[in-house]
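Working notes for the structure below.
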Amino acid sequence: MVNETDLRHLERAVELAAAALDKGDEPFGSVLVSAAGEVLFEDHNHVAGGDHTQHPEFAIARWAAQNLTPEERASATVYTSGEHCPMCSAAHAWVGLGRIVYASSSDQLTGWLTEWAVPAGPVRPLPVAEVAPGVPVDGPVESLADRIRALQARFHGRG
Ligand SMILES: [Zn+2]
């Protein structure tokens with residue numbers, strides 16, 4: 001169940017994805033929010049430099065491990081423009097973070113990339129639930145899907 005507060009944080013995640021694209025990076029953005037609703041950390045993809053582990057959800061997991069107690073991590077929520085990849089789902093679960101809310105699903109992204117004949121990446125796009133079954137997950141949010149599809153289309157030269 002995605003509420004108004006969730007949508008506000010998802011909106012920021014999509015803005016960060018757009019900012020990444022404007023800087024020549026892949027359009028993914030994520031926000032870490034405390035149980036009290038405070039934005040603790042936000043980031044976007046930094047893979048353009050060649051390190052393809054520089055996903056924002058992975059950065060959030062590392063930041064949370066270094067800066068939050070286990071209780072704070074478990075009660076925090078990660079909002080993200082695109083569903084976590086398996087690497088980031090694993091990092092999220094290993095550091096004990098709480099709920100994930102994503103705007104678009106890995107399934108949607110895979111469908112778009114297939115439609116545009118983009119070659120498959122080296123990692124299978126599994127849903128969060130298959131990698132981290134204990135993490136509560138909400139998404140996708142259909143009202144944001146077209147914008148994310150447009151960002152991906154631009155990145156892949158289909159926009
Ligand atoms: Zn990832």
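Whatever order the structure lists ligands and atoms in, that order sets their numbers, starting from 1. Given the structure is predicted, the values throughout are model-derived calculations rather than measurements. Note: hydrogens, waters and symmetry copies are ignored here, and every other heavy atom, side chains too, is used. Numbering of residues begins at 1 and proceeds along the displayed sequence.
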* ILVMFWY clustering at 4.5 Å (side-chain atoms), partners of Val128 -> Ile100, Tyr102, Val135, Val137
* **Shortest non-hydrogen contact from Pro27 toward Ser81** => O-OG, 4.1 Å
* Asn67 side chain to Trp63 main-chain N or O, any donor-acceptor pair under 3.5 Å? -> yes
* What count do you get for protein N/O/S atoms less than 2.8 Å from the Zn ion (ligand 1)? -> 3
* Structure fact -> side-chain hydrogen bond (donor to acceptor under 3.5 Å, both in side chains) pairs touching residues 27-49, sequence neighbours excluded, are Arg12-Glu42, Lys23-His44, Ser30-Thr80, Asp43-His46
* Asked: So His84 and His92, would you call those rings parallel, tilted or perpendicular, with 30° and 60° as cut-offs?
  -> perpendicular
* Which other residues belong to the hydrophobic cluster containing Leu126, where Ile, Leu, Val, Met, Phe, Trp and Tyr are joined when side-chain heavy atoms lie under 4.5 Å apart, directly or via other members? -> Val131
